[in-house]
Amino acid sequence: MSDKCDLCLLGMIILSSLLTGTGGVNETHEFISSGENVRLSCNNALSDCNSTTWIYNSIRHSAAVELINLGIKKKDTESHERLSLGYDCSLNIKNVTKEDYGSYTCQQFVNDKQQGTDARVNLHVLHVSVSPSSSSSSSSSSSSSSSSSSSSSSQTEISPGRSVTLSCQLYSYSGFSCDDLVRFEGLQLLWVNQAGVDLKTDSRYQILFSSDRCIITLTTTLLNEDDNREWRCQLTLRNQLKTSVRYTVKYSGSLSVIVIAIAIVAASFAVLLLVLILWMIREKRADNRRGTDDSVEQTDDHVTYAVVTAYSKNQDKKKKVHRNDNMTYASIGGVTAGAQENYSELYASVNKIHHKSVK
């Protein structure tokens, strides 16, 4: 029993030295969430970064990959667009992905000779994924200035009544297993709500943890009130929060979409109503103009006079016109509207008045 305790104590000492960089080993650990930016310090940097070289090791590659060579970024690497060298020779990685986990080593070379020891940074990446059979998801992230407490968020468009499974996994490459971190360093993965309460205390959530793969899953059936609800997967080490990932549920038929649709319909109806009112005003004015053009000004509602002047075709052009020319008057009288239908009152008279000619 004593031997087992001594072995556990020895393991804790070794792991502690690895995590803190003591015991002559210049090694540190960085915990980050996918989607964030990270800065990996170079603890053996010289005054001039032209001597700095960064090398990357991962189980995804059979051999070490050179990222920075004597202060110059290599362009033949898959992540070169997201890499940059800091003013203090640190390695900056933008928009970290789960594939970026691994071991990053900073070395110093002067005249082709290495100066000092290697400075190694083990990058651990926390990533959340949703079961493909449940929904489709899209993720976004927000960077944090502190490496000990950072967060990223992801959203998925799903509907209530469906079962969803969220998987939160820590991707590590550090020479020892996740189970060792759990046993000796007190690593914990938790699913919590917005208030920070462990979801294991709620019976509607099924939480499963696998220490050998460093993965914790959350399974639940979505409710109507889960729209815009946030869950967080957080990682603690020695009871200190290292990083966390936010996951926000977003229903496809959310209220915001409905409000936008109603606003569009209301705006379209208002425009249609305005066009209709303008058309009615235009037609009214057109009717008024037609009524004015068709009206005839009359001085007597009962009698209409017409004057006709006739000239003879055989009239000599040189012959003077005399005042004895015939003037014919005709008057027609009719019954006004509303009077009795007495057709005997209808009359027509033609009076011919002959005037003496004036020579």
Side-chain angles (χ1 to χ4, degrees), residues 31-36 95-99 101 124-144 149-172 177-179 181-182 186-237 239 241-265:
F31 297 86
I32 197 72
S33 297
S34 59
E36 295 184 347
N95 193 21
V96 172
T97 68
K98 63 181 181 179
E99 286 80 15
Y101 79 95
H124 309 263
V125 180
L126 189 66
H127 178 75
V128 168
S129 60
V130 63
S131 298
S133 59
S134 299
S135 63
S136 59
S137 65
S138 59
S139 61
S140 59
S141 64
S142 58
S143 60
S144 173
S149 179
S150 56
S151 63
S152 63
S153 63
S154 58
Q155 293 184 346
T156 178
E157 293 188 356
I158 49 183
S159 58
R162 299 185 63 182
S163 177
V164 62
T165 298
L166 306 178
S167 299
C168 178
Q169 182 171 359
L170 179 65
Y171 292 85
S172 299
S177 67
C178 175
D179 187 61
L181 287 174
V182 173
L187 182 143
Q188 274 191 313
L189 290 178
L190 297 174
W191 276 109
V192 299
N193 59 18
Q194 289 176 293
V197 178
D198 192 347
L199 292 180
K200 286 189 297 185
T201 61
D202 194 329
S203 59
R204 67 166 291 207
Y205 301 101
Q206 298 179 11
I207 309 296
L208 296 177
F209 176 68
S210 173
S211 62
D212 59 337
R213 297 179 57 195
C214 260
I215 183 171
I216 185 170
T217 60
L218 178 151
T219 302
T220 187
T221 299
L222 296 173
L223 306 177
N224 291 328
E225 56 266 29
D226 286 334
D227 190 23
N228 291 321
R229 188 182 298 276
E230 178 185 291
W231 297 310
R232 292 201 312 269
C233 175
Q234 64 182 27
L235 183 151
T236 61
L237 194 67
N239 295 322
L241 179 64
K242 291 298 182 179
T243 189
S244 64
V245 182
R246 297 190 309 270
Y247 194 90
T248 305
V249 177
K250 184 69 175 177
Y251 290 158
S252 56
S254 61
L255 181 61
S256 59
V257 177
I258 298 175
V259 170
I260 294 174
I262 293 176
I264 294 174
V265 173

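Any value given below was found using the heavy atoms of this structure, including those in side chains, with hydrogens, waters and symmetry copies removed. This chain uses plain numbering: 1 for the first residue, then up along the sequence.
Distance alone, capped at 3.5 Å, is enough to place a donor-acceptor pair between the Ser33 side chain and the Ser244 backbone. No donor-acceptor pair under 3.5 Å is formed between the side chain of Arg204 and the backbone N or O of Thr220. For Asp202 (side chain) and Leu199 (main-chain N/O), no donor-acceptor pair under 3.5 Å exists by modelled atom type.
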Working for side chain to side chain contact (heavy atoms under 4.5 Å, CB included), residues Ile216 and Cys233 = CA-CA 8 Å; Ile216 185 170; Cys233 175; 4.1 Å; yes
query = What's the verdict on side chain to side chain contact (heavy atoms under 4.5 Å, CB included) for Val130 and Tyr247, showing C-alpha distance, side-chain angles and the deciding distance?
reply = CA-CA 10 Å; Val130 63; Tyr247 194 90; 3.4 Å; yes
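In this structure the side chain of Val128 never reaches within 4.5 angstrom of the side chain of Trp231, judged on heavy atoms. Using a 4.5 Å heavy-atom threshold, the side chains of Asp227 and Lys250 count as touching. The closest side-chain heavy-atom distance from Leu170 to Tyr101 is not below 4.5 Å. Within the 4.5 Å cutoff, side-chain heavy atoms of Arg232 are placed close to those of Arg246. A heavy-atom distance below 4.5 Å is not found between the side chains of Leu166 and Tyr205.
Remark: Tyr251 OH to Asn224 CG distance equals 6.5 Å, nearest 0.5 Å. A distance of 6.5 Å separates OG1 of Thr236 from CG of Leu187, quoted to the nearest 0.5 Å. Between the CD atom in Gln188 and the NZ atom in Lys242 there is a gap of 14.0 Å [rounded to 0.5 Å]. Distance CD/Glu36 to CG/Asn95: 10.0 Å, rounded to 0.5 Å. With rounding to the nearest 0.5 Å, the separation of CD1 in Ile215 from SG in Cys168 is 8.0 Å.
Around atom CZ of Arg229, more than 12 heavy atoms belonging to other residues, nucleotides or ligands sit under 6.0 Å away. Within 6.0 Å of atom CG in Asn239, 12 or fewer heavy atoms from other residues, nucleotides or ligands are found, so the atom counts as exposed in its surroundings.
Side chain to side chain, Thr165 and Thr219 meet the donor-acceptor criterion of an N or O pair below 3.5 Å.
Using cut-offs of 30° and 60° on the angle between ring planes, the pair His124 and Phe31 is parallel.
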